[in-house]
Amino acid sequence: GHPAVVEAVAAPPGKPILSLVKAPGSGTYDEPLLVTDDGTSSRLFVVERTGAIRVIDGGVKQSTPFLSMGSVSGAGFNDSGDEEGLLGLVFDPAFATNHTFYVSYTRTDGSLQVSSFTTATATADTAGTTATPIIDILYPVNQNHNGGMLNFGPDGDLYIGSGDGGSEGDPQRNGQKLSTDLGKLPRIDVDHRTPGGPAAIPPDNCRGCPDSPLPEIDAYGLRNPWRF
């Protein structure tokens, strides 16, 4: 409730000056946890943990959700816990032409699911409700520390934040086990995915863990990569 205070200072050579700007958008939101853009327009997209993605266009929240997980057949969406629900959203770098975006969410079976969706056009304010699974990471013990962050790297690959599954001190040692995707940073090549098959694995994956039996792992030893 306090106004942000920004101090204007001279930036070191080659460094930007950062400031806080309030994102435009009327209306209220249900447990918002991420604001992002599609890279092609001035629209903003607000992710609500409870399962909806809202569109802000021209500073106005649109009445119809961009996507509602309750309308996705077979999603098994679950937001019953404080850390469960719709957790991540990223638009494909080629969204302007392939109209594809990716979300991460928790399922009723205790897993973190990453799926892709498409829109009819790059300017559509609603998305299709058919999910294409990308990766499913099972959390067999606890339903917290799910991670959930999604982002594309400068290499064009999709990076996925997966938490260790929770409990104090990671008692299952999941972050250190190379036999599980828990507590890891999976990295996949979505551009070379076989239709209906798994995503392609970059050849230089697991740069710090070459003996891992899971080729999608690119980094390990993480606690809860909720945002990066």
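Bear in mind the structure is a predicted one, so any value in this text is a computation, not a measurement. Sequential numbering from 1 along the given sequence is applied to the chain's residues.
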Same apolar cluster (I L V M F W Y, side chains within < 4.5 Å links), [X]/[Y]:
X    : Y    : result
F77  : V47  : yes
I217 : L222 : no
L87  : L34  : yes
I160 : L185 : no
F91  : V72  : yes

Atom of [X], atom of [Y] and distance for their closest heavy-atom approach:
X    : Y    : value
P213 : P215 : O-CD, 3.4 Å
R43  : T123 : NH1-O, 3.3 Å
A96  : A122 : O-CB, 3.9 Å
L138 : D109 : CD1-O, 3.4 Å
V46  : P32  : CG1-CB, 3.7 Å
Q176 : Y220 : OE1-CE1, 3.8 Å

With no hydrogens and no angle check, just 3.5 Å: does a side-chain donor-acceptor pair link [X] and [Y]?
X    : Y    : answer
S111 : D136 : yes
D30  : T50  : yes
E84  : N78  : yes

Has R173 got more than 12 heavy atoms of other residues, nucleotides or ligands less than 6.0 Å from its CZ? no
Would you find more than 12 non-hydrogen atoms of other residues, nucleotides or ligands less than 6.0 Å from D204 atom CG? yes
Centroid separation F95 to F152 less than 6.0 Å: no
Ring centers of F101, F45 separated by less than 6.0 Å: no
Under a 3.5 Å distance rule, please check whether [X] uses its side chain to pair with a backbone N or O of [Y] as donor and acceptor.
X    : Y    : result
D189 : A200 : no
E31  : Y29  : no
D38  : T40  : yes
N224 : G147 : yes
T119 : A124 : no
K184 : L182 : yes
N205 : R187 : yes
K177 : G183 : no
D170 : G175 : yes
Y139 : G163 : yes

With a 4.5 Å heavy-atom cut-off, do I137 and P186 have their side chains touching? yes
Under 4.5 Å between any side-chain heavy atoms of V103 and I53, yes or no? yes
Look up atom [atom1] in [X] and atom [atom2] in [Y], then write down how far apart they are to the nearest 0.5 Å.
X    : Y    : atom1 : atom2 : value
T108 : D79  : OG1   : CG    : 11.5 Å
S104 : L158 : OG    : CG    : 9.5 Å
Q113 : N146 : CD    : CG    : 12.5 Å
L178 : L214 : CG    : CG    : 8.0 Å
T118 : N98  : OG1   : CG    : 9.0 Å
S68  : R54  : OG    : CZ    : 7.5 Å

L112/D181 under side chain to side chain contact (heavy atoms under 4.5 Å, CB included): CA gap, chis, key distance, verdict: CA-CA 10 Å; L112 177 72; D181 282 318; over 6 Å; no
Could you walk me through whether T64 and D125 pass side chain to side chain contact (heavy atoms under 4.5 Å, CB included), step by step? CA-CA 8 Å; T64 302; D125 281 342; over 6 Å; no
Is there a side chain to side chain contact (heavy atoms under 4.5 Å, CB included) between L33 and R227? Walk through the geometry before answering. CA-CA 10 Å; L33 49 77; R227 291 289 174 260; 3.1 Å; yes
Please test I188 against I201 for side chain to side chain contact (heavy atoms under 4.5 Å, CB included), starting from the C-alpha separation and ending with a verdict. CA-CA 5 Å; I188 56 179; I201 305 298; 4.2 Å; yes
Whether R223 and D164 form a salt bridge (side-chain N of Lys/Arg under 4.0 Å from carboxylate O of Asp/Glu) is what I want to check. yes
